Protein chains: 2
Amino acid sequence: MQTKLNIFNRNKQLILYGISLALLLFLLRWLELKFIIIDNAFEIYAGAIAIIFTALGIWLALKLTKPKVQTVIVEKEIYINQNNDFVLNEDELSRLNLSKRELEVLQLMATGLSNDEIAERLFVSLNTIKTHSSKVFEKLDVKRRTQAVDKAKKLSLIR
Amino acid sequence: MQTKLNIFNRNKQLILYGISLALLLFLLRWLELKFIIIDNAFEIYAGAIAIIFTALGIWLALKLTKPKVQTVIVEKEIYINQNNDFVLNEDELSRLNLSKRELEVLQLMATGLSNDEIAERLFVSLNTIKTHSSKVFEKLDVKRRTQAVDKAKKLSLIR
DNA sequence: AGCAAAATCACCCTAAAGTATGAGCCCATT
DNA sequence: AATGGGCTCATACTTTAGGGTGATTTTGCT
C-alpha cells in the first residue's frame with residue numbers, strides 16, 4: 001500500500017539531487033545562450049560545477065549516512081525466588097574480577113564486622129583491609145560498605 | 001616540532017581534493033585540445049564533473065566527519081535473590097520496641113544509603129538521622145550500621 | 001488538658017571509614 | 001629475566017559514622 005510512498009521518501013534526497021543536476025545543466029545552457037560566455041572560461045564552469053556538486057555530495061553524505069550504533073548496557077533487575085539454596089554467581093564474580101581476598105573481606109563486611117575486626121580476623125593490618133575494601137568498592141562501583149554488601153547480596157556474590 | 005606534519009595530516013584529504021580538482025581540469029583541457037570534442041557535448045562534461053565531484057564530496061564527508069553515534073540501550077539481566085515470601089517478624093519488632101521512624105531509617109540503611117542521603121530522603125536533618133540510628137543500634141544491641149542491617153535481616157525485620 | 005513517647009534538631013567530640021599515593025614482596029606467566 | 005597481578009603495609013588526609021547530652025516540638029492516649 002504505502003510502498004510507493006516509501007520508495008519516494010527513502011530516495012527523496014537522491015531524486016532531488018537528480019532534479020537539481022538537471023536544472024543546473026539547463027541553467028548553464030541557458031546562460032550560455034543568453035549571454036556571451038567566452039569559450040576559454042570553461043574551467044570556471046567546471047570549477048563551479050565541481051564545487052557545487054562537491055558541496056552537494058557532502059550534504060548528501062551527511063544526510064544519508066546511518067549513525068553508528070553505540071550499545072549501552074543497562075542493568076535490569078530480575079527477581080528470583082531462591083531461598084535456602086545459595087549458589088554463588090560465578091559469572092558475575094569473574095566479570096567483576098574480584099580477587100579471593102577481596103571477596104573474603106566482603107563476606108566479613110557483610111556480617112557487620114569493622115575494618116579493625118576484619119584485620120584481626122585475617123591477621124593483617126588495618127591498612128590492608130582498607131586497601132581491599134577500597135578495591136571492592138571500586139569493582140562493585142559503590143561508595144560505602146553498606147552498599148557493597150547490599151549489591152553483593154543481590155548479585156549472589158555472598159549469601 | 002611535528003606541527004607541520006600534523007597540519008598536513010589533518011588536511012590531507014582537503015589537499016588531495018584540491019590536487020585532484022586541478023588535475024581533472026587539466027585532463028579535460030588536454031582532452032579538449034587533443035581530440036575533437038564537439039561543443040554541444042558540454043552537458044556531458046558538466047555531468048561527468050558533477051558526478052565525479054559529487055562522489056568526491058561524499059567520500060570527503062565520510063572521511064572527515066566524525067561518525068554519528070546512536071545509542072542503543074541493551075538491557076542486561078541481573079538476577080536478584082529476593083524472598084517474595086517475606087513476613088515481617090512483628091513479635092520481634094514489638095519486642096525490640098523499634099519505632100516506625102527507626103524502622104524506616106533501618107530499611108534505608110540496608111539499601112546502602114549514608115546518613116546524609118537518608119536525611120534527604122526523609123526531609124529531616126542529618127542530626128535527626130544520627131539520633132534515630134543511634135537508637136536503632138541501641139535497641140538492636142549492635143555497634144555499627146552494617147551489623148544492624150545484618151541482624152535486622154536475620155530477624156526478618158527488614159527484607 | 002496533661003502526660004509520655006516519638007520525632008526533631010543542635011553541638012561537641014571521638015572513632016571509624018574511606019581516598020590517594022607509593023612501595024615492597026611473592027608468585028605465575030612469558 | 002622481565003612483567004604483571006595479588007597481597008601486603010604505610011602515611012597523610014578527608015569524610016562519615018557514632019556517642020553523649022540536652023532541648024523543643026508533635027503526637028497519641030487517657
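Chain letters run A, B, ... following the sequence lines, proteins first, then strands; residues in each count from 1. Everything quoted here is computed from the prediction, not taken from an experiment.
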Worksheet entry | Pairing of B:Arg101 and B:Glu104 as salt bridge, 4.0 angstrom limit |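 Here B:Arg101 pairs with B:Glu104 in a salt bridge, since their nearest N and O are under 4.0 Å apart.
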Atom [atom1] of [X] and atom [atom2] of [N]: how far apart are they, to the nearest Å?
{"X": "A:Gln147", "N": "D:dA17", "atom1": "CD", "atom2": "C1'", "answer": "15 Å"}
{"X": "B:Leu103", "N": "C:dA5", "atom1": "CG", "atom2": "P", "answer": "20 Å"}
{"X": "A:Leu113", "N": "C:dA17", "atom1": "CG", "atom2": "P", "answer": "10 Å"}
{"X": "B:Leu98", "N": "C:dA7", "atom1": "CG", "atom2": "C1'", "answer": "15 Å"}
{"X": "A:Asp116", "N": "C:dT14", "atom1": "CG", "atom2": "P", "answer": "18 Å"}
{"X": "B:Lys143", "N": "C:dA16", "atom1": "NZ", "atom2": "P", "answer": "10 Å"}
{"X": "B:Lys130", "N": "D:dG22", "atom1": "NZ", "atom2": "C1'", "answer": "16 Å"}

Could you pull out the closest heavy-atom pair between [X] and [Y], with the gap in Å?
{"X": "A:Leu113", "Y": "B:Arg144", "value": "C-NE, 4.0 Å"}
{"X": "A:Ile158", "Y": "A:Gln107", "value": "CG2-CG, 3.5 Å"}
{"X": "A:Val105", "Y": "A:His132", "value": "CG2-CB, 3.9 Å"}
{"X": "A:Ala110", "Y": "A:Lys153", "value": "CB-CE, 4.4 Å"}
{"X": "B:Gly112", "Y": "B:Glu117", "value": "O-OE1, 4.3 Å"}
{"X": "B:Lys151", "Y": "B:Leu140", "value": "NZ-O, 3.0 Å"}

Practice prompt. For D:dA17, take OP1 and OP2 only and decide whether either is under 4.0 Å from a side-chain N or O of B:Arg144.
Written response: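 No, because none of the side-chain N or O atoms of B:Arg144 sits under 4.0 Å from OP1 or OP2 of D:dA17.
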Discussion item. Is there a side-chain contact between B:Asn115 and the phosphate of D:dA17, meaning an N or O under 4.0 Å from OP1 or OP2?
Written reply: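 Checking B:Asn115 against D:dA17: at least one side-chain N or O falls below 4.0 Å of OP1 or OP2.
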Protein-nucleic acid N or O pairs under 3.5 Å, nucleotides 6-9 of chain D:
{"residue": "D:dC7", "atom": "OP1", "partner": "A:Arg101", "partner atom": "N", "Å": "3.3"}
{"residue": "D:dC7", "atom": "OP2", "partner": "A:Ser99", "partner atom": "OG", "Å": "2.3"}
{"residue": "D:dT8", "atom": "OP1", "partner": "A:Arg101", "partner atom": "NE", "Å": "3.1"}
{"residue": "D:dT8", "atom": "OP1", "partner": "A:Arg101", "partner atom": "NH2", "Å": "2.8"}
{"residue": "D:dT8", "atom": "OP2", "partner": "A:Arg101", "partner atom": "NE", "Å": "3.1"}
{"residue": "D:dT8", "atom": "OP2", "partner": "A:His132", "partner atom": "NE2", "Å": "2.7"}
{"residue": "D:dC9", "atom": "OP2", "partner": "A:Ser125", "partner atom": "N", "Å": "2.7"}
{"residue": "D:dC9", "atom": "OP2", "partner": "A:Thr128", "partner atom": "OG1", "Å": "2.9"}
{"residue": "D:dC9", "atom": "N4", "partner": "A:Thr131", "partner atom": "OG1", "Å": "3.2"}

Discussion item. Base, sugar-phosphate or nothing for A:Ser134? Non-hydrogen atoms, less than 4.0 Å.
Written reply: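 Base contact - A:Ser134 has a heavy atom under 4.0 Å of at least one base atom.
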Discussion item. Judged by each residue's nearest nucleotide on DNA chain D, which is more toward the 5′ side, B:Glu138 or B:Ser114?
Written reply: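 Mapping each residue to its closest nucleotide by heavy atoms, the 5'-most match is B:Ser114.
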